[in-house]
2 protein chains.
Amino acid sequence: MPRYKNYDENLVLEKAMNVFWEDGYKATSIRMLEKEMGINQFSIYASFKNKKELFIKAIQKYREHTAKNIYKDLLKPDAGLSELKTFLLKAADKKTAKFKYKGCLVVNTAAEIGIKDADINREVIMYYDSIYNMLRNILLNSIAKNEISSNINVEQYANFLLGVMQGISVASKTMNTKQLADFVSVAIAQIE
Amino acid sequence: MPRYKNYDENLVLEKAMNVFWEDGYKATSIRMLEKEMGINQFSIYASFKNKKELFIKAIQKYREHTAKNIYKDLLKPDAGLSELKTFLLKAADKKTAKFKYKGCLVVNTAAEIGIKDADINREVIMYYDSIYNMLRNILLNSIAKNEISSNINVEQYANFLLGVMQGISVASKTMNTKQLADFVSVAIAQIE
DNA sequence: TTTGTTACTAAGTAATTGCTTAGTAAACGG
DNA sequence: CCGTTTACTAAGCAATTACTTAGTAACAAA
């Protein structure tokens, strides 16, 4: 009986995610989203309720996106020191400049919204909680593989690496390539 | 002959700085500034040209502000490892929570604007250049005082510390106190 | 083909954005 | 007192904001 949607909610959400990633929450207008998502405002509100809910869904989508792409190798159950090193060096590399200037959507959100909105803040916390667990697992694997000393405090080092990763996201916008490489190489030296 | 301004430009700029620090560039409206600065819109435009110029002046003011307050001890010509450690531990401390949730105006700006506006980006770069020089000087002093090994690459470690400090600014919004303390203590362990 | 349900387009809402302008008040040399 | 210069207040500008609504089109069962 009913008429069917002629757009893919999952696909337009991914497009919305990219707009928010590029421009931030406040600076992204519904008109821009309308244009980039390729659907009418009415459809945006029909599918995602309002701008804030769309943004929250976009953060969740970003989590999926980074898990499938950026953190893919780090999320392998047996990922260890070599995967971590590869990741960090790549994050500081010139060739990833296109990514660099956008930074991390979640870091950008933390900086822009902070704790001013409880719902959005919850998503930020959840995101970094999953990154923390990922890092913790990598450290445990690295110890098991004898890649790093078993004397370290795993939780402490996981939090250190989490802080470094958040630092990299900002530093990718404020530092040049040499500075970024310096930052990352000293951070790596600390764990190995 | 002429009538004189009955507000202090330096004082209203400091108030503007605090509004931008709290809410960011885009989310701060001229009406809000009018209210917080305690002067009419006309006067804002007469003194600071437009919103963007006011924001840039606010960043410069922030540089003065942090130099006189937050970085006061670190900027002493002979500041060394002990000053640095005190600073980092304080940055991760619970008692500074009021500051914590605002983060750093410049990190917030880097996340929000990034390289999208060349004039604003220039201020961000300049700010962190001065922090870099401060950190480099501290490391040189620390070596001279035999507080740290003279084998380290000073520029490399200065960039590491710069990255850590940018990380702390974000982490103050995403981490709990324990996590922040972990992050900072491992970072300190790396230099001493 | 009719009917009921949902999805579309396009126009419009009030409120807010950054910024301007017209008119008046304050200062002080003459 | 006057005259000139600058600073103030308050109203108003067009453009944009997030969001809605009225009307129509598409679907599929009856």
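Lettering follows sequence order; numbering is per chain, from 1. Quick caveat, the model's predicted, so the values are computed rather than measured.
Looking at residues two or more places apart in sequence or on another chain, you find no side-chain hydrogen bond (donor to acceptor under 3.5 Å, both in side chains) involving B/S43. The side-chain hydrogen bond (donor to acceptor under 3.5 Å, both in side chains) search around B/D117 returns B/K52, not counting sequence neighbours. The side-chain hydrogen bond (donor to acceptor under 3.5 Å, both in side chains) search around B/T174 returns A/Q166, not counting sequence neighbours. With sequence neighbours left out, A/R63 forms a side-chain hydrogen bond (donor to acceptor under 3.5 Å, both in side chains) with no residue at all. Among residues two or more places apart in sequence or in another chain, the side chain to side chain contact (heavy atoms under 4.5 Å, CB included) test is passed with A/N6 by none.
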For residues 23-36 of chain A, which side-chain donor-acceptor pairs fall under 3.5 Å, sequence neighbours excluded?
residue	atom	partner	partner atom	Å
A/T28	OG1	A/G24	O	2.6
A/S29	OG	A/M32	N	3.2
A/E34	OE2	A/Q41	N	3.0

For residues 154-161 of chain B, which side-chain donor-acceptor pairs fall under 3.5 Å, sequence neighbours excluded?
residue	atom	partner	partner atom	Å
B/E155	OE2	B/R136	NE	2.8
B/E155	OE2	B/R136	NH2	3.0
B/Q156	NE2	A/S185	OG	2.9
B/N159	OD1	A/Q179	NE2	3.0
B/N159	ND2	A/D182	OD2	2.9
B/N159	ND2	B/E155	O	3.3

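Here the P atom of nucleotide D/dT5 and the NZ atom of B/K5 are 17 Å apart, to the nearest Å. For the pair B/R3 CZ and D/dA7 C1', the interatomic distance rounds to 5 Å; values are reported in whole Å. Summarising the geometry, the separation between CE on A/M32 and P on D/dA15 is reported as 19 Å, rounded to the nearest angstrom. Straight-line distance from the CG atom of A/D8 to the C1' atom of C/dA7: 16 Å, rounded to whole Å. Note: CZ (A/R31) to P (C/dA10) measures 14 Å, nearest angstrom.
Of all the residues in residues 33-61 of chain B, B/N40, B/F42, B/S43 reach under 4.0 Å from DNA chain D with at least one non-hydrogen atom. Within residues 22-30 of chain B, the residues having any heavy atom under 4.0 Å from DNA chain C are, by residue number, B/T28, B/S29, B/I30.
Listed pair B/Y7 / D/dA7 fails the phosphate criterion, with no side-chain N or O lying under 4.0 Å from OP1 or OP2.
Contact check on B/D119 versus B/R122 returns a salt bridge, with a Lys/Arg side-chain nitrogen under 4.0 Å from an Asp/Glu carboxylate oxygen.
For A/Y4, taking side-chain heavy atoms from C-beta onward, the closest of the listed nucleotides D/dC27, D/dA26, D/dA7 is D/dC27.
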